[in-house]
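One structure is given below, encoded as structure tokens.
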Amino acid sequence: MVRTPDLYSRQLYGHYKVQHSLPRSSVGIRYKPMDSSISYCSRFGNQNPSLKSILASGFSRNESIMDVSWSSKLIREYMDDGFFEDAVKVYLKMLEYGVPVEEFQFFPPLIKAFGELLDIGKVREIHAHLLKFRALDDIYVENSLLGVYWKCGEAEDAIQLFWKMPVKDSVSWNTMISGFYRSGDNRGSLRTFSQMIREHGVFPNRVACLSALSSCSALESLAHGKEIHAFVVKSGFDDDFLVSGLIDMYMKCGDVKNAQYVFDDEESIRMNAVIWNVMINGYVSNGNLSQAMDLFVEMLGTSIVPDSSTMVAALVLCTELLDLAVGKQIHGWAINLGLNNDVRLETALTDMYFKCGDTKTGLDIFKSSRTRNTVMWGAVISNCAQSGFPIEALDLFHNYIIEYGFADSVLILAALRACSSLTWKSKGLQIHGLLVKSGLGSDVFIGSALIDMYAKCRDIESAQKVFYRLPDRDLVSWNALISGYAQNRSPDGALKALRTMQSEQIRPNTVTSACVLSACAYLSTVNLCKEVHSYLFRQGFGSNILISNSLIATYAKCGDVKSSWTVFQNMREKNEVSWNSVLLGLGIHGHADEVFVLFEKMEGAGMKPDSATFTALLSACSHAGRVEEGFKYFTSMVEYYKIEPQLEQYTCMVDLLGRVGDLKQAYDMILAMPCVPDDRIWGSLLAACKIHGDKRLAEVVADHIMNLDPTNIGYRILLSNLYEDYGKWNEATRIRTEIKDMGLKKSPGCSWIEVNTDIHTFIASDRSHNLSVEIYDALESLTIQIREEGYIPQSPSVTLGLNEVIDVDNISFTVENCLFVSRKQ
DNA sequence: GTAGGGTTAG
């Protein structure tokens, strides 16, 4: 069991000095004469009496016989027990005594293991000792140290060491090529690969090709990848790893054809499941979904056993295809193959169920999982946040924090999205605090989500603050800010931000354009809308369906229904949103008959009407006073299309009922509907009460509104006007006094008209315009004309729940406003 | 004794 000291040891014996304790060691190591009583098979560690006894026995230094074999075993025991530091110290001691490095062939693995501790200070210390003892003359030791520096993330140290190496072999080069790749410096990796060949005349072996291929994949550098491919073929390298590496490289570079070529050319190697997996994943990530499915099915027909990665790839494919049925089958197979405890598979399953709409099963898998990790939590929390369960998302997020004490950027993003959709600012603030603590404050993705959260919570100031504190702004963060302004009724802010963004040389994309268009819609500035339109056309977004849909809506809201219609007609491809937008646009301009015809055409085109379609139809009926059709559509929506009416549709119906004076039914409908009434639907009824003079109901309705929103001044004024109409001056005064007492202030409502590029704004009794005399003359004659035609000029009061309630007083009549007239009853 | 080994989940 124990070797007698060999000749070599005997020769060296004279040089050994054992008087020093080991550097920085907690325990001194002494070399001991051979002692057969020591069991080398015992394990050191807590229950390890042998080490202690060895050390405690205090070997007599003078009698010590150095034995390489003995020391080697001691080192090995230390390594096995994870005492790398002690193992290293024994080794260093041996070097100090002059034992040649070659004697310890397991030193390189020791350095490697030591590097796993990722203590760079200790690694550098050892480096110094190795230099001192000239151990770095051994290329194995040097290469190992090189690898350790890369593993510890110390690229600079590795690079320095590498270039100082007097002799570099292919392992040294390959360590550098893969080190650069793994530290994310893919260019450095390829640069080294090329230097090796060109400047040092070292030909790459298959290891070098594999690492370099990985770098090409990461850089999506097809040209370099092809060069390596050619070299691989010329060199006759032929193995599974290179084949999958090549296929992966072609797929990542988007060259599906060449990936297929490699795959088809390697029939003999196709018995390897990984190669199929790489192909399937490649097809999925390149969007070739049907080819991915075909290949998966083909694979099932072979004798190759799909592994968990195959299942994961297939599940990702089902998620993309929203194919729940196949997803469920894969779930079944996974259980049969006993793969269901694989956390990646469980995560892919969870994601698939959520995305395919089966939230319950998704949650069940998560809850019963025994292998949950952060990614799986992320899958569930993000999906809850995105699929209408923001409260559940935040609950889960909270549980995660309790369990793990931290959150990564994916979880924080999901939590912020949940806060956005709930417009729950206090929770959003908490998460903001948490992410600052987690050091994610300067993450540009999170920054954009924060901007969006604050903007949705109507706190544009905080959104601005976050934006201006971002260390880097990209298009997404600019878009978040611009959209924030647009959502917060600050179209000017949106346009100003757009200009600043452009001055920073950041080009708007389709999302920016959609936000700017919504600002245009709010400003009703048709010229600006046209400007954006032509910009989009020049940028080649002309055929973007999202953009065209925004244009249809914006032109209509700006009053240019003709342009809205033109955009719609010119669309090569239309979706449901396009149809809904044009129906809504035509409807708000009173073109009810066109809307009805178009609705038939929409169905004829194979489009499925949804809730928004019916909002558009009912709104058209409201605007045109088409009560009968309104009821018809409402009934068919519920009975034929099986669409549950939402608040929007109820608001349209209340408006319609209000128009025909059926106030009681309108009131009953509000009380009976399953959704919570908001101020708009009550406002609509209140306006109807005013028109039809139902003072009693008006008071009841007003009560509801005041409870909903005690500080809303518009409705108070509407009610006071109503009292005035019926001569109830005391009541009217009471309300006006209430408004004063509550300190409510009203910003004057204004109207505006765009003439050429100028926008002219008017408020009530406004005489500031230089043509005000002419304007008022025109207004007066128009009013007379309207009366003569048998109409009663009516203040624009309440719209159909689609727009803001317009304050009734302080309205000046522009020509546009004259459209708001009601037919004499 | 040193380098490398492919695909895969939010």
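Worth saying up front: this structure is predicted, and the values here are computed from it rather than measured. Heavy-atom basis, side chains included; hydrogens, waters and symmetry copies ignored. Order of the sequence lines sets the chain letters (A, B, ...), proteins ahead of strands, with each chain counted from 1.
Looking at A:S244, its side chain comes within 3.5 Å of the base of B:dG6 through a donor and an acceptor atom. At a cut-off of 3.5 angstrom, the base of B:dT7 holds at least one donor-acceptor pair with the side chain of A:S309. You won't find any donor-acceptor pair under 3.5 Å spanning the side chain of A:D240 and the base of B:dG5, going by distance alone. For B:dG5, the base has no donor-acceptor partner in the side chain of A:D239 [N/O atoms by modelled type, under 3.5 angstrom].
Residue A:T374 is in base contact, counting any heavy-atom pair closer than 4.0 Å across all strands shown. Counting non-hydrogen atoms under 4.0 angstrom, A:N373 reaches a base of the nucleic acid. In this structure, A:V278 reaches the sugar-phosphate backbone alone: every heavy-atom distance under 4.0 Å involves primed, P, OP1 or OP2 atoms, never a base. Using a 4.0 Å heavy-atom cutoff across all strands shown, A:I247 reaches no nucleic acid atom at all. At the heavy-atom level, A:D138 lies under 4.0 Å from base atoms of the strands shown. Among the heavy atoms of the strands, none lies under 4.0 Å from A:D342. Among the heavy atoms of the strands lying under 4.0 Å from A:V343 is at least one base atom, whether or not backbone atoms are also near.
The CG atom of A:L349 sits 13 Å away from the C1' atom of B:dG10 (whole-angstrom rounding). Atom CZ in A:R372 sits roughly 21 Å away from atom P in B:dA9 (whole-Å rounding). Rounded to an integer number of Å, the gap from CG of A:L161 to C1' of B:dT2 is 12 Å. Taking atom CD1 of A:I275 as the reference point, atom C1' of B:dG5 lies 12 Å away to the nearest angstrom. Rounded to whole angstrom, the span from the CG atom of A:L145 across to the P atom of B:dA3 amounts to 12 Å. As rounded to whole Å, 10 Å separates atom C1' of B:dG6 from atom CG of A:L213. Here B:dT2 presents its P atom at 13 Å from CD of A:E116, a figure rounded to the nearest Å. Across the protein-nucleic acid pair, A:I381 atom CD1 and B:dG10 atom C1' stand 10 Å apart, rounded to whole Å.
Side-chain atoms of A:T347 lie closest to B:dA9 of the nucleotides B:dT2, B:dG5, B:dA9. Here the nucleotide nearest the side chain of A:Y140, chosen from B:dT2, B:dA3, B:dG10, is B:dT2. Of the candidates B:dT2, B:dT8, B:dG5, B:dG5 carries the atom nearest the A:L210 side chain, counting heavy atoms from C-beta on. Out of B:dG5, B:dG1, B:dT2, the shortest distance to the side chain of A:V141 is found at B:dG1. With distances taken from any side-chain atom of A:A348 to the nucleotides B:dT7, B:dA3, B:dA9, the minimum falls on B:dA9. Here the side chain of A:V312 is nearest to one of B:dG10, B:dA9, B:dG6, namely B:dA9. Residue A:V410 places its side chain closer to B:dG10 than to any other of B:dG10, B:dA3, B:dT7. Which of B:dA9, B:dT2, B:dT7 sits closest to the side chain of A:S144 comes down to B:dT2.
Ion pairing between a basic and an acidic side chain is recognised when a charged N comes within 4.0 Å of a carboxylate O; A:D452 and A:R417 show no such pairing.
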Exercise for the section: Check the pair A:H229, A:Y250 against ring-ring contact (aromatic ring centres under 6.0 Å, His included), reporting the backbone distance first and the verdict last. Expected result: CA-CA 10 Å; A:H229 186 184; A:Y250 280 120; 5.5 Å; yes

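With sequence neighbours excluded, the residues that form a side-chain contact (heavy atoms from CB on, under 4.5 Å) with A:A113 are A:F84.
In this model, a donor atom of one side chain and an acceptor atom of the other lie less than 3.5 Å apart for A:Y283 and A:Q260.
Annotation: A:F180 is in aromatic contact with A:W150 [ring centroid separation under 6.0 Å].
Between A:F263 and A:W276, the ring-plane angle classifies as perpendicular under the 30° and 60° cut-offs.
The side-chain hydrogen bond (donor to acceptor under 3.5 Å, both in side chains) pairs that include a residue from residues 344-353 of chain A are A:H331-A:Y353, A:E346-A:S369, A:E346-A:T371, A:D351-A:K355, A:D351-A:N383, where partners are two or more places apart or lie in different chains.
Between A:K112 and the phosphate of B:dA3, there is a side-chain N or O to OP1/OP2 separation shorter than 4.0 Å.
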